[in-house]
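Step one of this worksheet: look at the structure below.
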2 protein chains.
Amino acid sequence: MTPNQSYTRNLTLLTDYYQISMMYSHFRNKLFHKEVVFDVYFRKNPCGTGYSLFAGLEQVIEYIQNLRFTEEDIEFLAKTYKYDKEFLDYLSDFRFTGNIWSVSEGTVVFPNEPIVRIQTNILEGHLVETAILNLINHQTLIATKASRVVFAANGDPVLEFGLRRAQGPDAGVYGARAAYIAGVVGTSNVLAGKLYSIPVKGTHAHAYIQSYSSELEAFLNFAEAFPNNLILLVDTYDTLGSGVPNAIKTFQIMKEKLGDQFKNYGIRLDSGDLAYLSKVARKMLDEAGFNDAQIVASNDLDENLIRDLKLQGAKIDVWGVGTNLITSSDCPSLGGVYKLVAEKEEDQFIPKIKISENPEKITTPGCKKVVRFYNKYTKMAILDLVMLQEEEIPTYDFIAFDPINIWKKKRVKDFVAKEILIPIFENGELIYTLPSIEEIRAHAKSELSTIDDEMKRLSNPHIYHVDLSRKLWDLKYDLINKERKR
Amino acid sequence: MTPNQSYTRNLTLLTDYYQISMMYSHFRNKLFHKEVVFDVYFRKNPCGTGYSLFAGLEQVIEYIQNLRFTEEDIEFLAKTYKYDKEFLDYLSDFRFTGNIWSVSEGTVVFPNEPIVRIQTNILEGHLVETAILNLINHQTLIATKASRVVFAANGDPVLEFGLRRAQGPDAGVYGARAAYIAGVVGTSNVLAGKLYSIPVKGTHAHAYIQSYSSELEAFLNFAEAFPNNLILLVDTYDTLGSGVPNAIKTFQIMKEKLGDQFKNYGIRLDSGDLAYLSKVARKMLDEAGFNDAQIVASNDLDENLIRDLKLQGAKIDVWGVGTNLITSSDCPSLGGVYKLVAEKEEDQFIPKIKISENPEKITTPGCKKVVRFYNKYTKMAILDLVMLQEEEIPTYDFIAFDPINIWKKKRVKDFVAKEILIPIFENGELIYTLPSIEEIRAHAKSELSTIDDEMKRLSNPHIYHVDLSRKLWDLKYDLINKERKR
């Protein structure tokens with residue numbers, strides 16, 4: 001049993017009831033072999049950011065591999081609705097048999113481009129929608145949010161401390177994973193640490209101090225247990241009046257005892273004005289000769305407060321970010337959707353469209369690929385082009401145009417091009433080698449280095465171009481006109 | 001295996017690393033038998049509401065019952081830090097041996113009163129903090145949010161549709177559970193339906209329509225599969241131009257076929273202006289003789305939009321609420337905390353306090369009970385009084401006072417009093433009989449009927465009184481003064 005398997009469950013029923021209803025209706029119509037293509041994409045980056053950071057694929061893979069209805073599941077469904085026995089038998093034998101393409105975890109992605117594509121029979125296609133969206137929406141959201149926090153910290157280490165306020169155990173565990181991919185250096189969440197080999201970090205709580213007769217006694221006891229990893233929480237009674245002076249006394253005693261072996265120590269501030277307190281505490285520590293004592297700060301931090309504290313010269317070395325990161329508090333959902341874009345008829349995929357009163361809800365039809373163009377000199381991303389699968393990728397200068405304001409044109413030149421969707425499952429078999437979390441994290445770092453800082457600005461960032469190829473644009477608008485004429 | 005056990009995991013490592021660090025230090029100091037008391041409480045209702053609805057206890061109980069470190073867990077911890085072998089052996093044999101009190105699920109609770117109390121040795125007390133907070137914070141948040149949505153719907157049924165945007169599988173499953181407790185009538189989440197016997201509900205998706213050559217053909221096929229539970233999604237192409245007319249044709253055909261047996265049918269609107277579209281659709285349905293066709297609405301609903309749509313006379317019978325409920329989008333966390341309030345010394349509990357630069361972060365010391373006073377004639381809740389465990393509950397008129405603005409006084413009379421914390425675990429044994437979800441839901445409904453509608457107002461609600469007994473108030477301020485004098 002790998003560590004992950006001790007946590008992973010069979011989530012076959014983690015789906016919306018209407019998926020089963022639609023499967024049942026299609027089953028009655030004998031459509032088990034009807035092949036369809038669904039795209040996963042989102043319409044807006046979360047948190048007003050200029051990009052999103054893709055995560056959650058590993059959990060999607062586990063989910064697909066564990067897909068099977070248990071006897072208990074079948075009994076439950078039989079009770080829920082009067083399904084035919086044939087349908088329940090079909091479910092008993094159910095396995096995922098289709099193809100899945102996805103961008104890799106840690107890839108920077110943008111609105112209105114497919115990030116996962118599922119090609120399979122229509123029954124399977126329905127069943128897996130909800131869980132795929134749930135897993136991708138959540139981790140992509142948290143990875144994106146965490147990347148903003150890491151950006152604001154501007155090179156300072158960020159720790160993920162949010163488990164107690166996460167929306168349930170999975171939100172804590174998968175959230176810590178997504179945050180680590182996005183660049184935080186560790187988590188307080190021990191289970192996430194074990195499951196995903198993420199460094200686990202932590203200090204101690206106020207309760208620890210309270211359970212000794214004095215703050216100094218508590219500090220000295222903690223120091224004895226952790227002589228080489230000693231971060232003391234200094235705000236249980238009075239930060240500058242007692243906490244910092246007692247921490248300094250503790251450091252002096254440890255220094256006397258251990259000499260140069262005493263290292264990796266500091267204080268944590270968890271209340272009050274962090275700019276003011278950190279500056280005074282820094283002075284006190286320096287004057288006592290503890291220039292290498294770290295100052296860790298926590299208490300309702302987010303990317304905006306970190307930016308503001310840094311602007312005011314706060315002397316904070318390490319940022320512990322909890323609730324606001326793990327819940328993505330100002331934007332707690334990513335609106336990823338899963339839309340039917342093509343259906344096979346007589347060995348050919350026919351593009352499908354959905355019209356809506358809300359124009360942004362109109363889908364882009366057809367089997368598509370996503371090509372990212374990079375400047376061949378700077379290696380920076382220039383634009384993404386969504387193309388029909390059968391189209392050739394441009395090899396020399398071309399004109400791209402905005403799919404809504406079509407007069408907005410851009411000449412793309414001096415580029416190298418890369419397809420970002422890669423094959424994951426083929427005929428139900430996993431054909432993708434899962435990278436390690438360190439590889440994913442390194443990939444995310446390298447991906448974030450290919451987009452301009454203007455796109456990472458915390459507010460009102462630069463908007464990246466995601467255009468449609470001319471052929472795809474024509475197809476889409478032909479289908480819209482055809483449907484409107486009905 | 002009960003249905004729940006197929007989903008429940010061993011979450012022993014679902015804790016913050018600092019808990020293990022503190023346990024280790026206490027272990028080295030041979031404090032395994034030191035008995036302590038921790039209170040769980042929150043400082044502010046979420047979402048600007050006037051109350052919170054407590055949920056999550058059942059999952060806390062499962063968590064406590066499953067608490068044991070596996071070999072794999074011990075190996076991981078041994079790698080993480082150079083713990084003594086004795087400590088690792090202690091963890092191998094670890095079981096929860098303490099006492100827990102809690103309010104029951106579905107109880108209305110308020111800021112600054114203990115809602116869970118843990119009395120156990122200090123090592124166990126630390127370990128369980130994080131998971132207890134995670135589970136209670138999440139479900140109490142979602143139950144509270146859902147109760148707001150149900151309140152806004154003012155008697156109309158509300159369905160929970162949020163799984164695809166929930167923050168991971170647990171957030172979807174436990175969130176659906178909390179929402180059902182709070183009064184929604186069903187969920188789209190099949191797994192939650194199975195695990196917790198919640199009615200599962202659903203219609204079909206746009207993709208279903210797209211996979212037939214016409215909308216009418218799709219509707220007729222769906223009708224054949226679900227003749228007695230037929231809600232048709234009418235906005236795939238053009239709501240009023242094609243969706244509603246095709247739905248009416250389908251209803252006519254079904255009515256001809258089934259006569260009076262055709263019932264439980266309607267349409268779902270998922271885009272456009274829901275007030276306008278529902279009013280026109282209602283007219284079209286009524287004119288065709290389908291007065292009993294239901295109109296279900298979904299699309300980014302929350303309690304405020306539901307209130308506004310109802311104010312504008314929207315003809316919506318059933319509200320499907322997704323993302324905003326399942327993530328509690330405008331307030332995605334509840335800030336429940338877990339604080340040391342007493343420690344046993346020579347057979348006596350000594351009250352403990354934590355001071356802070358932020359006054360609202362100062363704790364209320366001592367072993368406490370929470371007493372709710374109801375008007376004996378109207379049965380409405382008047383006020384909660386937090387008292388020391390050993391104090392007698394008043395039996396006749398008394399004066400309560402606000403713990404911050406102590407000049408604000410209130411005579412409490414004609415009351416019946418009830419303690420709201422009840423025993424759950426005693427010496428590690430579960431001594432509480434878990435109620436069924438229907439019992440919890442009925443309790444929540446009855447609880448919500450004991451608080452004034454003024455406290456349920458969506459914005460700026462009436463603030464309920466949670467006061468301290470005079471004896472407790474004196475104790476708290478004595479300890480503050482003592483600490484400040486140090």
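Naming convention: chains lettered A, B, ... in sequence-line order (proteins, then strands); numbering from 1 in each chain.
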Under 4.5 Å to a heavy atom of chain A? For B:Asp330 that would be neither
Sorted by chain and residue number, the side chain to side chain contact (heavy atoms under 4.5 Å, CB included) partners of B:Asn29 (sequence neighbours excluded) come out as A:Tyr212, A:Asn221, B:Ser25, B:Leu31
Counting heavy-atom pairs under 4.5 angstrom with chain A, the leader among B:Leu14, B:Val200, B:Thr130, B:Leu133 is B:Leu14
Okay, B:Thr323 and chain A: the region with an atom under 4.5 Å from a heavy atom over there is side chain
Applying a strict 4.5 Å limit to non-hydrogen atoms, the region of A:Asn137 in contact with chain B is side chain
If you tally heavy-atom pairs under 4.5 Å between each of B:Lys201, B:Glu75, B:Lys34, B:Lys339 and chain A, the highest tally belongs to B:Lys201
For B:Ala207, the side chain to side chain contact (heavy atoms under 4.5 Å, CB included) test, sequence neighbours excluded, returns A:Phe38, A:His126, A:Leu340, B:Gln210
Are the aromatic rings of A:Phe222 and A:His204 close, with centres under 6.0 Å apart?
yes
Side chains of B:Tyr7 and B:Asp170 only: does a donor on one sit below 3.5 Å from an acceptor on the other? yes
Distance-only side-chain donor-acceptor flag, A:Gln19 / A:Thr15, under 3.5 Å
no
If one checks every heavy atom of B:Ile353 against chain A at 4.5 Å, the contacting part turns out to be backbone
Bottom line for B:Lys352: the part with an atom under 4.5 Å from chain A's heavy atoms is both
If one checks every heavy atom of B:Gln139 against chain A at 4.5 Å, the contacting part turns out to be neither
Applying a strict 4.5 Å limit to non-hydrogen atoms, the region of B:Arg28 in contact with chain A is side chain
